[in-house]
Colleague: 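Supplied in structure tokens, the structure appears directly below.
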Amino acid sequence: MDDIFKRALSGQSLFSNRDALSSDYIPVRLPFRENQIIGIGEILSPILHGSRPSNLLLYGKTGSGKTAVARYVLRRLKGAAAEQGIDVNICYVNTRFAGTEYRVLSNLAEALNLKIPFTGLSAGEAFARVESAVDASKSNVVMILDEIDFLVSNYGDDIVYELTRVNERLNPSRVSIIGISNDLRFKELLDPRCLSSLSEEEMVFSPYTANELKTILAERAAAAFYRGAVDEAAIGLCAALAGSEHGDARRAVDLLRVSGEVAERETAPRVEEKHVRAAVQRIERDRMVEAIRSLPLHAKLVLLSVLTNGVSASTGEIYQRYAKQCRRIATEPLTQRRISGLLAELDLLGLVSANLVSQGRYGRTKKISSLTPIDTCKEILSEDSTLGSLLT
DNA sequence: CGTCCACAGGAATGACGGGCGG
DNA sequence: CCGCCCGTCATTCCTGTGGACG
């Protein structure tokens with residue numbers, strides 16, 4: 001332990017500023033997004049002479065810089081407005097992290113320095129409070145609704161619609177909305193009345209190319225690591241791995257950070273390609289471990305049933321097995337309908353693969369097979385004391 | 001060419017633990 | 001303390017369906 005601290009103190013650490021690789025870091029420069037930055041700046045600039053800017057919709061796949069660009073421009077705008085004595089409030093909410101309609105509202109309220117109990121109010125009441133907070137602020141409020149496609153596809157467009165209409169009732173406060181969507185077909189989900197007011201302006205973010213990723217990573221690396229602490233080949237590999245997916249910059253940056261941590265832990269003098277490869281494994285494993293750990297009991301039981309069932313099995317077979325496991329630990333099994341739902345969730349988490357197959361005369365079912373290494377999986381499941389006796 | 005299997009997956013509903021304002 | 005509303009998880013009931021079998 002002393003050694004670790006000593007090394008950290010004596011400057012053996014590879015990171016000079018690890019935060020530069022964290023997910024909510026907004027870099028000083030956003031290469032390859034100049035056009036979007038200027039475009040959004042122009043769209044929002046009416047704020048500076050006291051009128052309401054158009055609402056705006058940003059499209060693009062994950063890690064294409066939408067969020068970073070939006071936050072970057074708003075930060076600059078806020079600064080410029082402050083010089084003019086204009087008050088700008090920025091509310092950023094990631095609707096998927098927020099989870100529910102209600103929590104989106106509560107996050108918006110929080111950004112306006114309004115405390116809303118995390119449960120207990122009706123959605124209407126919560127909305128009214130947000131609105132009155134906006135009113136009371138007597139300022140320009142810009143709301144960024146990140147991953148807005150999640151909100152709309154799960155909870156409908158009521159909130160979005162109401163938010164776009166708030167301006168009709170408020171004076172002098174003004175609300176403008178920046179919606180950010182990962183789903184390019186998002187517009188189809190939206191009611192036309194809502195669409196026209198939300199997407200007064202639109203902007204598409206195309207994925208970064210592998211070369212662009214490389215430049216971006218090099219800049220981040222320069223900010224985050226000491227000089228010479230990262231091999232250029234390692235950066236190239238990070239970029240290539242993330243680029244082969246769809247140019248996801250967030251993934252690339254995460255990968256680089258974890259690579260750095262791996263290298264640091266083995267006290268390597270610099271980050272090399274092998275550390276990147278190890279990082280890929282670690283990220284995947286961590287994701288899996290975390291996913292399994294946070295599973296509720298019955299989902300774990302279902303997962304266990306899938307694991308112990310050889311290559312692949314139908315929903316019905318899994319259910320039989322699951323019910324048996326339940327009896328062994330004296331737990332009331334859930335219904336098959338529910339298990340079907342849990343299997344779908346496990347599929348979504350990537351812990352299990354479920355494929356719909358039709359066997360004609362012999363019905364239609366999902367063929368379920370495990371995607372996770374059985375041993376690691378059991379190891380994590382065995383942390384749950386209620387499952388202990390099932391794992392021998 | 002229709003039947004009918006073995007489920008998928010939507011909708012409505014309810015139990016539960018929690019917090020609200022009065 | 002009450003009546004109300006919340007989100008979450010689960011149940012019940014339901015309609016839908018691809019294709020081998022007859």
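Order of the sequence lines fixes the chain letters, A, B, ..., with proteins taken first and strands second; residue numbering starts at 1 for each chain. Hydrogens, waters and symmetry mates play no part in the numbers below; they use all other heavy atoms, side chains included.
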Colleague: Would you kindly give the CG-to-P distance between N355(A) and dA6(B), to the nearest whole Å?
Modeller: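 Rounding to the nearest Å, CG of N355(A) and P of dA6(B) are 20 Å apart.
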
Colleague: Tell me the interatomic distance from E317(A), atom CD, to dA8(B), atom C1', rounded to whole angstroms.
Modeller: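 Distance check: E317(A) CD to dA8(B) C1' gives 16 Å.
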
Colleague: Is it the case that atom CD in E232(A) sees more than 12 heavy atoms from other parts of the structure closer than 6.0 Å?
Modeller: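 No, because the 6.0 Å sphere around CD of E232(A) holds 12 heavy atoms or fewer from other groups.
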
Colleague: Rounded to the nearest angstrom, tell me the gap between atom CG in L301(A) and atom C1' in dA10(C).
Modeller: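 So the CG-C1' distance, L301(A) to dA10(C), works out to 15 Å.
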
Colleague: Which protein N or O atoms sit under 3.5 Å from an N or O of nucleotides 18-22 of chain C?
Modeller:
unit_1  : atom_1 : unit_2  : atom_2 : d
dG18(C) : N2     : G360(A) : O      : 3.0
dG18(C) : N3     : S358(A) : OG     : 3.0
dG19(C) : N2     : G360(A) : O      : 3.3
dA20(C) : O4'    : R361(A) : N      : 3.2

Colleague: Should the pair K300(A)-D384(A) be classified as a salt bridge under the 4.0 Å nitrogen-to-oxygen rule?
Modeller: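 Yes.
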
Colleague: Validate the cation-pi geometry between R18(A) and F225(A): distance from NZ or CZ to the six-membered ring centre under 6.0 Å, angle to the ring axis within 45°.
Modeller: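 No, R18(A) and F225(A) do not form such a contact.
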
Colleague: Salt-bridge test for R338(A) and E345(A): reply yes if a basic N is under 4.0 Å from a carboxylate O, no otherwise.
Modeller: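 So R338(A) pairs with E345(A) through a salt bridge.
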
Colleague: Separation of E345(A) atom CD from dA10(C) atom C1', in whole Å?
Modeller: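 Going from CD in E345(A) over to C1' in dA10(C) covers 12 Å.
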
Colleague: Is K367(A) near enough to dC7(B) that one of its side-chain N or O atoms lies under 4.0 angstrom from OP1 or OP2?
Modeller: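 So the side chain of K367(A) is outside the cut-off, no N or O lying under 4.0 Å from OP1 or OP2 of dC7(B).
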
Colleague: Just wondering, are more than 12 heavy atoms of other shown residues or ligands nearer than 6.0 Å to CZ in R250(A)?
Modeller: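 Open: at most 12 neighbouring heavy atoms sit under 6.0 Å from CZ of R250(A).
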
Colleague: Taking ring pair (Phe, Tyr, Trp, His ring centres under 6.0 Å) as the test, write out the residues that go with Y319(A), two or more places apart.
Modeller: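 Once residues adjacent in sequence are excluded, the partners of Y319(A) under the ring pair (Phe, Tyr, Trp, His ring centres under 6.0 Å) criterion are Y322(A).
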
Colleague: Reckon S314(A) has a side-chain N or O less than 4.0 Å from the OP1 or OP2 of dC7(B)?
Modeller: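 The answer is yes; a side-chain N or O of S314(A) sits under 4.0 Å from OP1 or OP2.
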
Colleague: May I have the distance from I318(A) (atom CD1) to dA8(B) (atom P), rounded to whole angstrom?
Modeller: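 Going from CD1 in I318(A) over to P in dA8(B) covers 11 Å.
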
Colleague: Output the rounded distance in Å from NE2 (H298(A)) to P (dA10(C)).
Modeller: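 Interatomic distance, NE2 of H298(A) to P of dA10(C): 6 Å.
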
Colleague: Between R251(A) and D254(A), is the closest basic N to carboxylate O distance under 4.0 Å?
Modeller: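 Salt bridge between D254(A) and R251(A), a charged N being under 4.0 Å from a carboxylate O: no.
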
Colleague: Quick one: do E317(A) and R321(A) make a salt bridge, cutoff under 4.0 Å?
Modeller: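 No.
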
Colleague: What's touching nucleotides 12-14 of chain C from the protein side, N or O pairs under 3.5 Å?
Modeller:
none

Colleague: To the nearest Å, give me how far apart CG (L343(A)) and P (dA8(B)) are.
Modeller: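 The distance from CG of L343(A) to P of dA8(B) comes to 8 Å, rounded to the nearest Å.
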
Colleague: Rounded to whole Å, please give me the gap between CG in L356(A) and P in dC5(B).
Modeller: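 My rounded result for the distance is 18 Å.
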
Colleague: With a 3.5 Å cut-off and no angle check, do the side chains of N89(A) and S139(A) form a donor-acceptor pair?
Modeller: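 Side chains of N89(A) and S139(A): pair found under 3.5 Å.
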
